[in-house]
Amino acid sequence: MSEHTASSPTNDEVDSSPDFLSCPPIFVLPTHLSLESLHEIEEDLVKRNARLTYDISEARLILGKIGQEKRAALELRSRGVWTEPISKYEPPTKRRRVEAQEPVKSARQDDIIDLSTETEDEEDGMRSRHGPSRHLNRPKPPSASASTPHPSIASSDQSDVISVVKLDWLNQCLQAQELLSIEPYLVYLARQIPSPAKPQPNQPTKTTTKSADILQRAKQDAVLQPPPPPPTHNHHSRTHTTHQPPPLPQTTTSEHDEVVSPHSPPPWVKNNIIYACLRSTPLHPPNEDFINQLLKIRHIRELTLDEIGVRAYSTSIAAIAAYPHEIRRSSEILSLPGCDTKIANLFHEYQHSANHTLATANELDISPSLQTLHTFTNIWGVGTKTARDFHYNHNWTTLDDIIEHGWPTLSRVQQIGLKYYDEFLQGIPRPETSHIAAIVTKHANRVRPDAGTPIQCAIVGGYRRGKPLCGDVDLILTHRDEHITKNLVVDVVASLESEGWITHTLVLHLMHSQRDQQTLPYRASDDSTAPGKNFDTLDKALVVWQDPHFDDSDHHHHHSHADTDSEEEKTRQKRKRNPNIHHRVDIIVSPWRTVGCAVLGWTGDKTFERDLRRYVKKTHGWKFDSSGVRERTTGGQVVDLEAGGETWEERERLVMQGLGLGWRDPEERCTR
DNA sequence: CGGCAAATACTG
DNA sequence: CAGTAT
DNA sequence: GCCG
C-alpha cells in the first residue's frame with residue numbers, strides 16, 4: 001500500500017507518522033485483499049502503534065475494502081459478530097451487563113477404568129520439531145499501553161459500538177501523516193448484539209449449556225487479549241479496559257484463566273489456515289493428552305457409523321495437534337480453525353476433571369458394545385459395518401464367537417486377519433521396518449537384473465512420519481525406466497513368496513490402465529513402451545510378512561542318524577513353528593513419472609491427505625491422488641509438477657511446491 | 001443449510 | 001451391490 | 001461438528 005516515508009529516516013522511527021495508538025482495537029478485513037497486501041497493511045498499522053487485533057469481536061474499528069453497509073454487516077456476521085445498525089448521531093450505549101457466571105463446573109470425578117486398548121501408537125521417539133518459527137515477525141498483540149482516544153474516533157473505542165471504515169481512510173491518514181476523521185469513510189456504524197442463534201444465557205441450570213455460553217463469549221477474547229492491563233491507569237473510564245462484553249468466566253476455579261498471559265497465536269491461527277496440509281503438525285504435540293481423549297471420541301464415532309462426526313473430530317484434532325503451546329484456557333480452543341464450542345467445552349471438562357479424561361471418551365473403555373465393536377474392527381478385513389453385523393445380528397461378543405460360529409462364512413482375508421489378530425496389532429519397530437524394506441528392495445532388483453540403475457524403495461506411511469512403531473509397512477518401489485516397473489509387483493511378490501518372506505497375499509492391485517475418461521481408442525497398447533500419457537499401472541500388493549529365519553536351536557534334541565545335515569536342518573525348521581511375528585506390508589509400485597505424487601500421497605497422515613485434496617481442489621481445481629495430478633475439468637488433463645526431479649524426494653518436493661504448499665517435512669504431517 | 005477427499009480393486 | 005482397504 |  002501507499003508508503004510515505006516523509007520524515008527523515010531515523011532508525012525505526014522512520015515512517016511512523018500518524019500514531020494510531022489512540023485508536024480503538026483495529027481489525028483488517030481480509031476480504032478482497034491478497035494475503036500480501038493484508039500483511040502489508042497490518043505491518044503498517046503495527047509500525048504505527050495501532051492496536052491491531054486478529055479477533056474481530058475484539059475490534060471496534062474495522063478496516064476493509066468494502067463500501068456498503070449491508071456488506072459490512074455481512075462480513076461481521078460471517079465472522080460471528082452480530083450487529084445492528086445505529087444512527088451516526090445516536091449516542092453510544094453503555095455496554096451490556098453480563099450475567100455473572102459463576103462456574104458450575106461439571107465435576108464428574110467418576111474415575112474410570114482405563115482399559116486403554118486404544119491406539120497402538122506413540123511412545124517416545126522425541127523429535128518433535130514443530131515451530132512457528134517460520135514466517136516473519138508477525139505483529140505483536142496490541143500494546144497494553146494506555147490510549148488517548150482521538151476525538152474523532154474515540155467514540156467507538158468502547159462497549160459494543162463498532163465502526164467499519166473504508167480502507168482508504170488508512171491510506172489517507174498515511175498520506176496526510178495524521179489521523180483523520182473516520183467520518184467520511186464510515187461505511188457502517190453498528191452496535192454489537194448477541195448472536196441470536198446461540199443459546200441465550202437463560203437457565204444457568206445445565207452446566208453444559210452454561211459453559212457453552214461462557215465459551216461463546218470467551219471466543220471473542222480468544223485470540224488476543226491485551227496482556228495484563230497496563231499500570232498506567234486510564235482515566236478514560238470506558239476506554240479500553242473492558243473492550244469486550246465483559247470478562248468471561250473469570251470464574252472461581254479458573255484462576256489460570258486470567259492470571260496467565262495468553263499465548264501469541266501462531267501465524268496459521270491468525271490467518272485462519274483451515275487446511276492441515278499447510279501447517280506443521282508434530283508427532284508429539286504439546287496437547288497430546290487432550291488429543292488422545294478426542295481420538296477416543298472420534299473412534300466412538302467411527303464405531304457408531306457417524307462418518308461426519310469422524311470428519312469433524314479429525315479436523316479439530318488436526319488443529320489442536322498443530323497448536324504449538326500447551327493450551328491453558330478453553331478459550332484458546334475457540335481461536336483454532338475447525339474448533340468451536342463443542343471442542344472447547346470438552347477441553348474445559350478435560351482440564352477440570354480429576355483424571356484429565358472425558359466422560360464421552362471413557363465410554364469406549366466401559367461400554368461392552370463399543371469394546372466388542374472395537375475388537376472386531378481390529379480384524380483386518382472387518383470394518384465397522386461388519387463388526388456391527390457380527391455383534392448385533394449374530395450376537396457375537398468375542399473373537400472366539402466369530403471363529404466358533406462364523407468361520408466358514410468369513411472371507412479369506414478375514415480369516416487371515418483373525419488368525420494373526422494379535423500379531424497384526426503389534427507395532428513394527430523402525431529397525432524391523434527398514435530391514436523389511438531392504439529385503440524387498442533386494443528382491444526387486446533381483447527380479448530386474450537388467451535394470452541399469454537399481455530400483456529404489458521409499459519407506460512411506462507412519463515410518464516416514466517418524467513413528468517409533470508402525471501398524472504396517474508401506475513401501476514404494478520405483479525406477480526411472482517404466483519398463484522396469486511394469487509388472488514389478490507380481491514378480492517381487494513371487495520372489496519374496498518363494499523365499500518365505502510373504503506368507504499370504506491379501507490382495508493384489510494391478511491397476512490396469514484405469515484410464516479412459518475419454519474415448520480411449522487405442523487399447524492401452526500393451527506395448528507399455530507407450531510412455532505417452534497413459535496412466536498406467538500403479539500396482540500394489542497387500543501382503544502378510546514373516547521373517548522365515550528363526551532360531552530353532554533345540555540343542556538337546558536327539559541327533560538321530562546324521563545323514564545329511566542340511567536335510568536335517570530343513571526338517572527341523574519345518575517341525576518347529578516359526579515364532580516370528582506376522583506383519584502387514586504394502587508394496588506399491590509407482591512409475592517414475594508420478595513417484596513424487598505417490599510418495600506424497602502415501603506418507604499421510606489421513607487428515608493431511610484429506611485436506612491436501614480439498615486444498616488442491618479449492619485453489620487449483622485440480623485433482624490430486626497418489627497416481628498424479630489432473631485437471632478436474634477438461635477431461636482430466638495431466639498436470640506434471642515433478643518433471644525434472646532427479647530423486648523421489650526432490651520430486652515430492654516439486655509436487656508440494658507446485659500444489660502451493662511449501663515444503664513440509666514428513667515428521668510435520670502427523671495430523672492423527 | 002449443504003458439504004465434508006477420493007478413486008479403485010477385490011470379495012462374497 | 002455393499003463392504004473393506006489402500 | 002464446523003465452515004462458508
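In what follows, every chain begins at residue 1, and chains take the letters A, B, ... in the order their sequences are listed. Below, each value reflects all heavy atoms present in this structure, side chains not excepted, and no hydrogens, waters or symmetry copies.
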Colleague: Please report, rounded to the nearest Å, how far the C1' atom of B/dC10 is from the NE2 atom of A/His504.
Modeller: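 These atoms are roughly 18 Å apart.
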Colleague: Applying a 4.0 Å non-hydrogen cut-off, can you work out what A/Leu508 is touching in the nucleic acid: base, sugar-phosphate, or nothing?
Modeller: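 Result for A/Leu508 = sugar-phosphate.
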Colleague: Would you call the rings of A/Trp501 and A/His443 parallel, tilted or perpendicular if under 30° counts as parallel and over 60° as perpendicular?
Modeller: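 Rings of A/Trp501 and A/His443: perpendicular, over 60°.
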Colleague: In chain order, what residues pass the salt bridge (charged side-chain N to carboxylate O under 4.0 Å, His left out) check against A/Arg584, with sequence neighbours excluded?
Modeller: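 A/Arg584 satisfies salt bridge (charged side-chain N to carboxylate O under 4.0 Å, His left out) with A/Asp586 once adjacent residues are dropped.
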Colleague: Just call it for A/Gly381: base, sugar-phosphate, or nothing, with non-hydrogen atoms closer than 4.0 Å on any strand.
Modeller: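 Contact class for A/Gly381: sugar-phosphate only.
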Colleague: Take the protein atom CD1 of A/Ile416 and the nucleotide atom C1' of B/dG12, then report the distance between them rounded to whole Å.
Modeller: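 Interatomic distance, CD1 of A/Ile416 to C1' of B/dG12: 15 Å.
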Colleague: Would you indicate which nucleotide in B/dC10, D/dC3, B/dC4 comes nearest to any side-chain atom of A/Asp340?
Modeller: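 Nearest to the side-chain atoms of A/Asp340, counting from C-beta on, is D/dC3.
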Colleague: Rounded to the Å, how far apart are A/Ile317 CD1 and D/dG1 C1'?
Modeller: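 Checked: the CD1 to C1' distance equals 12 Å.
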Colleague: What distance separates A/Leu612 CG from A/Thr671 OG1, expressed to the nearest 0.5 Å?
Modeller: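 A/Leu612 atom CG to A/Thr671 atom OG1 measures 11.0 Å (nearest 0.5 Å).
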Colleague: Using a 4.0 Å heavy-atom cut-off, does A/Lys540 contact any base of the nucleic acid, only the sugar-phosphate backbone, or nothing at all?
Modeller: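 Here A/Lys540 touches the bases of the nucleic acid.
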Colleague: By the 4.0 Å heavy-atom rule, please label A/Val382 as base, sugar-phosphate, or nothing.
Modeller: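 Sugar-phosphate contact only - A/Val382 comes under 4.0 Å of backbone atoms but never of a base.
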Colleague: Work out how far the P atom of B/dA6 is from that of B/dC10, and round it to whole angstrom.
Modeller: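 Roughly 23 Å separates the two P atoms.
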Colleague: Has A/Arg412 got a side-chain N or O lying under 4.0 Å from the OP1 or OP2 atom of B/dC10?
Modeller: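 For A/Arg412, the contact criterion (side-chain N or O under 4.0 Å from OP1 or OP2 of B/dC10) is not met.
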Colleague: Does any N or O donor sit under 3.5 Å from an N or O acceptor when you compare the side chain of A/Arg613 with the base of B/dA5?
Modeller: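 In this structure, the two groups form a donor-acceptor pair.
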Colleague: Just compare B/dA9, B/dA5, D/dG1 and give me whichever is closest to any side-chain atom of A/His509.
Modeller: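 Between B/dA9, B/dA5, D/dG1, the one nearest the side chain of A/His509 would be B/dA9.
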Colleague: Name the nucleic acid region contacted by A/Thr315, choosing base, sugar-phosphate or nothing; use a 4.0 angstrom heavy-atom cut-off, strictly under.
Modeller: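 Nothing: the residue A/Thr315, judged by heavy atoms under 4.0 Å, touches no strand.
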Colleague: Between atom CZ in A/Arg311 and atom C1' in B/dG2, what is the gap in whole Å?
Modeller: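 Nearest whole value for this atom pair: 13 Å.
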Colleague: Quick one: ring-ring contact (aromatic ring centres under 6.0 Å, His included) partners of A/His391, sequence neighbours excluded?
Modeller: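 Applying ring-ring contact (aromatic ring centres under 6.0 Å, His included) to A/His391 gives none.
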Colleague: Could you tell me how far apart A/Lys618 (NZ) and D/dC3 (P) are, to the nearest whole angstrom?
Modeller: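 That distance rounds to 12 Å.
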Colleague: Under 4.0 Å from any heavy atom of chain A: name the first and the last nucleotide of DNA chain C that qualifies, 5' to 3'.
Modeller: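 From 5' to 3', the first and last contacting nucleotides are C/dG3 to C/dT6.
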Colleague: I want to check one thing: is the phosphate of B/dA5, taken as OP1 and OP2, less than 4.0 Å away from some side-chain N or O of A/Lys606?
Modeller: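 So the side chain of A/Lys606 is outside the cut-off, no N or O lying under 4.0 Å from OP1 or OP2 of B/dA5.
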Colleague: Regarding A/Tyr313, tell me which of base, sugar-phosphate or nothing describes its non-hydrogen contacts under 4.0 Å with the strands shown.
Modeller: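 Sugar-phosphate: the residue A/Tyr313, judged by heavy atoms under 4.0 Å, touches backbone atoms but no base.
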Colleague: Over all strands shown, is A/Arg614 touching base, sugar-phosphate only, or nothing at heavy-atom distances under 4.0 angstrom?
Modeller: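 Touches sugar-phosphate only.
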Colleague: Choose from B/dA6, B/dG12, D/dC2 the nucleotide whose nearest atom is closest to any side-chain atom of A/Arg632.
Modeller: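 Among B/dA6, B/dG12, D/dC2, the one nearest the side chain of A/Arg632 is B/dA6.
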Colleague: Exactly one of A/Thr478, A/Ile439, A/Thr441 should register a side chain to side chain contact (heavy atoms under 4.5 Å, CB included) with A/Cys457. Which one does?
Modeller: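 Between A/Cys457 and the candidates, side chain to side chain contact (heavy atoms under 4.5 Å, CB included) is satisfied uniquely by A/Thr441.
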Colleague: Just to be sure I understand the rule, does A/Thr409 reach a base, reach only the sugar-phosphate, or reach nothing, if contact means heavy atoms closer than 4.0 Å?
Modeller: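 If one applies the 4.0 Å heavy-atom cut-off, A/Thr409 turns out to touch nothing in the nucleic acid.
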Colleague: Relative to the ring of A/His620, is the ring of A/Tyr615 parallel (under 30°), tilted (30 to 60°) or perpendicular (over 60°)?
Modeller: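 It falls in the perpendicular class, over 60°.
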Colleague: Return the value, rounded to whole Å, for the distance between atom CD of A/Glu307 and atom P of B/dG3.
Modeller: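 Rounding to the nearest Å, CD of A/Glu307 and P of B/dG3 are 15 Å apart.
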Colleague: For A/Asp586 and B/dC10, what is the distance between atoms CG and P respectively, to the nearest whole Å?
Modeller: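 About 14 Å, once rounded to whole Å.
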Colleague: Using a heavy-atom cut-off of under 4.0 Å over every strand shown, decide if A/Ile343 touches base, sugar-phosphate, or nothing.
Modeller: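 Result for A/Ile343 = sugar-phosphate.
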Colleague: Which whole number of Å gives the distance between the P atom of B/dA5 and that of D/dC3?
Modeller: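 So the two P atoms sit 14 Å from each other.
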Colleague: Whole Å only: how far is the CG atom of A/Leu542 from the C1' atom of B/dT11?
Modeller: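 In whole Å, B/dT11 C1' lies 13 Å from A/Leu542 CG.
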Colleague: Who pairs with A/Glu363 by side-chain contact (heavy atoms from CB on, under 4.5 Å), at least two apart in sequence or on another chain?
Modeller: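 Once residues adjacent in sequence are excluded, the partners of A/Glu363 under the side-chain contact (heavy atoms from CB on, under 4.5 Å) criterion are A/Ile300, A/Leu370.
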Colleague: Taking for each residue the nucleotide of DNA chain D bearing the nearest heavy atom, is the 5' side occupied by A/Asn272 or by A/Ala312?
Modeller: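 Of the two residues, A/Ala312 wins.
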Colleague: Just jot down the salt bridge (charged side-chain N to carboxylate O under 4.0 Å, His left out) partners of A/Arg311, sequence neighbours excluded, or say none.
Modeller: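 Salt bridge (charged side-chain N to carboxylate O under 4.0 Å, His left out) check on A/Arg311 returns nothing, list empty.
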Colleague: Mind checking A/Arg388 for me? I need base, sugar-phosphate or nothing, with any heavy atom below 4.0 Å counting as a touch.
Modeller: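 No contact at all - A/Arg388 keeps every heavy atom at 4.0 Å or more from the nucleic acid.
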Colleague: Applying salt bridge (charged side-chain N to carboxylate O under 4.0 Å, His left out), name anything that partners A/Asp491, two or more places apart in sequence or on another chain.
Modeller: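 Only A/Arg448 meet the salt bridge (charged side-chain N to carboxylate O under 4.0 Å, His left out) criterion with A/Asp491.
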